[in-house]
Structure formats: structure tokens, C-alpha cells
Amino acid sequence: MATRRRPLINLLGFEIRFDLTWLILVALIVWTLGAGYFPVVLADLSTGTYIWMAMFGAFGLFASIILHELSHSVVGRRLGMRIKGIRLFVFGGAAEMTEEPPTPRIEALMVIAGPAMSVALAILCFAAATLLAGFNTPQPVAIVLGYLAMANAILAAFNMVPAYPLDGGRLLRAALWAWRGDLIWATRVASLIGGAFGLVLIVLGIVSALYGNLIGGMWWFLIGLFVRAAASSSYRQVLAQRILADVSVRRLMRPDPVRVTPDISVQQLTEDILLAHSLKEVPVVRGDDLTGVVGVADVKAMAASERSNRLVGDIMRPAGDRTIAIDARADEALAQMQRTTGGRLFVVTDGRLVGVLSLRDLLQHLSIRSDLQSDMKDVPSRHSFRGPADASAA
Ligand SMILES: [Zn+2]
């Protein structure tokens, strides 16, 4: 799966990004609707009409997926959750969180918002289709609306299957979590069901392909693989967050990080610091006080000829989201690393730079802890850190 994402639009303060794989979904939906579904439902129309119907149908479906995710995101934000944005990819969409909900109640409310939106859209489209059919409007319009009613109903139903990390699985987890008060156990049970459901989809996909439905079968097969992978990585993520919640940044950070002052040239920064130490980003200090960060991206943004006569002070950025307090917990550091992109945080106390903490330090600690504790046999890996996903497969 490609991971390159492009910003698309900003809706209600949420950045909507799409993976390039999303284009596969667009093409597949337009083709399935225009060449398969609509000609079967309503025969003898011109090719041009089928193309328009397919485009409106696909557009409506994607708007529905975005509204589903937006609904999760808006409710999540109201309840105090930090939402990174909405991601659209080959299997649909996901509202990306950087941390687990703090209570089962918040998780349940946030989860139910998505399918509730899909059900509302299904009812709305169905009502509109029925109404329009009575008013002698062109039949294709009613047919497209009818399709959208059905698609939203399927979206709601599929997502309510109790297989983590689908919405239904998240609800199940919230219920188990509320019952026993143990988030890790609840996630483990819900993601085992998620893994089993993924396996069912894989088998159904193979059987379906053997019976001649090649594209549909392949699709179910791939969604099955995706659900299985998402179930296990979401579980590891929860495990990692819980392990790290007991440790402070102070214990895991490395003291005395490489640093620069604002008065050296960009040329010196590049050769003596970034290249010499293989670093992508370094803190800028005045005395001991952290005043900013500077890195490869800032150097790259300027012309090569200017590097010898410009100073670090001219191009550095505020350190804001790259800093963390020495007494913060390591799970907070992990969530912050997932929100930002650097993978390294500069540790401060009273504005003074005292250390650096990298994702590698956190992973190292997790790996040692899970080696020492036999009940934590699922070693969280680097691949686990993509944020819990809400998968709304279409
Ligand atoms: Zn959802």
C-alpha cells in the first residue's frame, strides 16, 4: 500500500488527505457503476447517461464516506480527542487519532457517530429517491439516489460488524473495557475477533473468485488482509501506549544532544552538523535556552548559493511541537511524535534544552520490556505506529 498522501481539502478544521491508492478505488467504483450496476438496474440508456450516473454515484459515495469520517471526527473533537485528520485510501476512509480515547463512554460516542451518519444519509437518499419518483423526474436521478441509499446502508452495516478496528469492533471494545476496566484485555479480545473476521473475508473472497466473480473476490480478499493487519497493529499500539504510560521522558531521553547556535552559517550547519552527525533536524540554542529548530527541510528550501552567507538564525523555525517537558510521560511523547513528523523530540525544563528523545529510544524500551515480561509477547514494531484507524471499507 502506498503511503504518499496529498492534502486535498480542509473541512471544519480537519485536513482531508488521500493516498494515491485512493485513485484505484475511484476508478473501480466508476467502472463498476457505469459498466455493471446501472445498466442492469435501468436498461437502454445512452452510454453518456451511464457515464454521468456513474460519476454522480461515485461522487456521492465519496461524499458519504467523508461525512461518515467527519462525523466521527467532529464528535471526537467535541469530547476532547485530538484528531490528526481524515485519510482516504483504497479501502475507504479513516479518522486518524493519535491516542486512544480516555474512557469507554467517549470511545462509544465517537464510534457511534459514524454509522449514525451513514444511516441518516441512507434514509435521506431513500426519501429523496421515493419523492422524486413521484414527481416524474428523469429516472436516472432517482436510480442514483437509490444507489446512494443502499451504499450508505451497506456502509453502516459493514462497519457495525463487531470486528476491531471496524466501528462495531470499537463499540465491542468499549463495552468490554467498561465491563472489566481493562483496556488491553478488551482490545485483545476485540482484535482477535477482528482477525477472525478478516480471515472469513479472505476465504469468502477466494471462494467468490473461484465461482467466477474475480474482481469482487479479489476485493474481499484484500479487505480481509487489511482488516487482519489493522486489528493486530491497533492492538500492539494500545499495548505500547500502556507500557509507555508508566515511564517518564526523563528516564528514556538522551542527555546533551547535538545543538547549534543561531550565529553559524547555513553552510557550517549543513557540513559540520547535519552531515557529520547524520541528523535531519537539530535544536538551536542561545546559552542553554532552546530558541528554535533547524534541519534539512529548511536548508533545502533555500538556494545553494545563499548557504554560505545566510545564518541559522535567519531560517530556523519555532521549536513548538518539537519540544516536550522532562516530566511528561513517554506515551505522551509517542502521541506527539505521531502528530508531528520528525520522530525526535527535544526535552526541555524551564525553557532549557536538556535532552533528546527519539522514536527509536521508545521502541528500544518497548522491546526490552516485552522481552522481560512474557505476558507481553506481541513486540510492538515500527510498523505499529501509524495511529489507530477507523476503517470504513466501501
Ligand atoms: Zn466509522
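Every number for a ligand or one of its atoms is a count from 1 in the order of the listing.
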Strictly under 2.8 Å, is any N, O or S atom of Glu69 next to the Zn ion (ligand 1)? no
Taking just the N, O or S atoms of Asp167, which one is nearest to the Zn ion (ligand 1)? OD2
Do the rings of Tyr147 and Phe38 sit parallel, tilted or perpendicular, given the 30° and 60° boundaries? perpendicular
To the nearest 0.5 Å, tell me how far Ser73 OG sits from Ile83 CD1. 5.0 Å
Applying side chain to side chain donor-acceptor pair (under 3.5 Å), run through Gln267 and Glu271 and close with a yes or a no. CA-CA 6 Å; Gln267 185 81 30; Glu271 276 159 27; 2.8 Å; yes
Taking the Zn ion (ligand 1) as the apex, NE2 on His68 and NE2 on His72 give an angle, to 10°, of 100°
Could you go through the side chain to side chain donor-acceptor pair (under 3.5 Å) check for Asn152 and His68 one step at a time? CA-CA 9 Å; Asn152 274 293; His68 175 115; over 6 Å; no
